[in-house]
Every structure is written in structure tokens, then in C-alpha cells.
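Bear in mind that the values here come from a model prediction, so they are computed numbers and not experimental data.
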Amino acid sequence: MDHFECYGVKIAKGTPALPKGLELTIGDAFTDPPRRYVVKKPVRLCTPVARSGFPAQHAEHLLCYQVKAAKGRCAAGAPQNAGAGCKKETDCGGIKGQTILCVKQLKPGKTSALGTANQFGTGLLDVEKDGEVCLPSFR
């Protein structure tokens, strides 16, 4: 397993911003069922580092993005945007008051006393909220 050094980032002047409406579906040990997120902006770049004389194991960096949970998610059988994020019934091809295709996403539950162990020892953590996703990237 690699260790990483992380740096705050922002989009450089003259570079286009991320496209509006960019979304991800994320499922992990704390997120069941998977949730739909709107990707906001890059916030952190993490690079693998050598530690205690051991070289980094991977060349991949991690680029971390600020994300925000979509208000709702179109049902799998929706005529439009199935599985995508939605704000209103018409986003999914439905009719307000007649169909239920834009379903509100549940907020993730708080996970308490999650046991961890690393070179600094063991500890317990509470997982309280989501808001960032890190993806492998190449420099």
C-alpha cells in the first residue's frame, strides 16, 4: 500500500472548468445502495511517496474532486436519464403529480466506531459525511 502526500489544487487560469452536470455513481462499504453525486471541482492532488526507505509502489497519483449528492435519482426504468441525478419529475421523463420517477436519495447513515490500524497505531473513527472522491490519475 502506498503513502501519499497531498496538495490543494485549483483549475489554472485559462483552463476550462469542468462541464456542468458531470455526475458519478459511487458505492462503497458505507454507501448501500450506491449514490449519485454531482462533481463540483478538483480540490486535491495526492502523489505516492517513499516512506522509511521503501519506494512508492505505484506511479498513479490521486486527483480528488469535491462532490455533492444529487437531490434525487431517476428510476432504472425511467424513459429519460435512467439512473442519472434529477431535481424534478420531468428530468426523468415523468409528469409531475402523475408519475414517480425522480426518487429522493437517502442520506448516508453515520458509521460509528470504525476500527483502523496503521503505522501510527490503532484508533476508532466516526464516518459522518461524504463530500470528496479521489480517482487514479497520471501526471
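- Between the side chain of Gln66 and the backbone N or O of Gly131 there is no donor-acceptor pair closer than 3.5 Å.
- Side chain of Asn81 to backbone of Cys92: no donor-acceptor contact under 3.5 angstrom is found.
- Residues Val133 and Val9 share a single hydrophobic cluster, defined by chaining ILVMFWY side chains whose heavy atoms lie under 4.5 Å apart.
- For Glu5 (side chain) and Val49 (main-chain N/O), no donor-acceptor pair under 3.5 Å exists by modelled atom type.
- Using a 4.5 Å heavy-atom threshold, the side chains of Tyr37 and Lys68 count as separate.
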> Could you go step by step and tell me if Val103 and Leu101 meet the side chain to side chain contact (heavy atoms under 4.5 Å, CB included) rule?
Replying inline: CA-CA 6 Å; Val103 181; Leu101 299 172; over 6 Å; no
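- Taking the side chain as every heavy atom from C-beta outward, Lys104 and Arg73 never approach each other to under 4.5 Å.
- To the nearest 0.5 Å, the span separating CG on Leu45 from CG on Leu62 amounts to 8.5 Å.
- In this structure, Cys134 and Cys46 have their SG atoms no less than 2.5 Å from one another.
- With hydrogens and angles left out, the side-chain atoms of Ser137 and His61 include no donor and acceptor closer than 3.5 Å.
- Of the charged side-chain nitrogens involved, at least one lies within less than 4.0 Å of a carboxylate oxygen, so that Arg36 and Glu23 count as a salt-bridged pair.
- Here the CD1 atom belonging to Ile95 is positioned 13.0 Å from the CD1 atom belonging to Ile100, to the nearest 0.5 angstrom.
- Residues Arg35 and Gln105 share a closest heavy-atom pair of CA-OE1, 3.3 Å.
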> Does the pair Val43 and Lys41 meet the rule for a side chain to side chain contact (heavy atoms under 4.5 Å, CB included), with working shown?
Replying inline: CA-CA 6 Å; Val43 291; Lys41 62 182 179 179; 4.1 Å; yes
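- What you find for Cys74 and Gly85 is that their closest heavy atoms are SG-O, 4.4 Å.
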> Which is it for Tyr65 and Leu22 under the side chain to side chain contact (heavy atoms under 4.5 Å, CB included) test, yes or no, and what are the steps along the way?
Replying inline: CA-CA 11 Å; Tyr65 295 88; Leu22 188 60; over 6 Å; no
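- In terms of modelled atom types and a separation under 3.5 Å, the side chain of Gln57 and the main chain of Pro55 share a donor-acceptor contact.
- If you take CZ on Arg44 and CG on Leu63, they are separated by 10.5 Å, rounding to the nearest 0.5 Å.
- We find the SG-NZ distance between Cys102 and Lys71 to be 11.0 Å, quoted to the nearest 0.5 Å.
- Between Glu60 and Phe4 the shortest heavy-atom distance is O-CE2, 4.0 Å.
- The closest side-chain heavy-atom distance from Thr99 to Glu89 is below 4.5 Å.
- The hydrophobic clustering, which links ILVMFWY residues whose side-chain heavy atoms are closer than 4.5 Å, places Leu135 and Leu18 together.
- Using a 4.5 Å cut-off on side-chain heavy atoms (C-beta onward), Ile11 and Pro42 make contact.
- Looking at heavy atoms from C-beta onward, Val39 lies in side-chain contact with Leu24 at the 4.5 angstrom threshold.
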>> For Thr47 and Tyr7: C-alpha separation, side-chain torsions, deciding distance, then whether side chain to side chain contact (heavy atoms under 4.5 Å, CB included) applies.
In response: CA-CA 8 Å; Thr47 181; Tyr7 303 89; 3.9 Å; yes
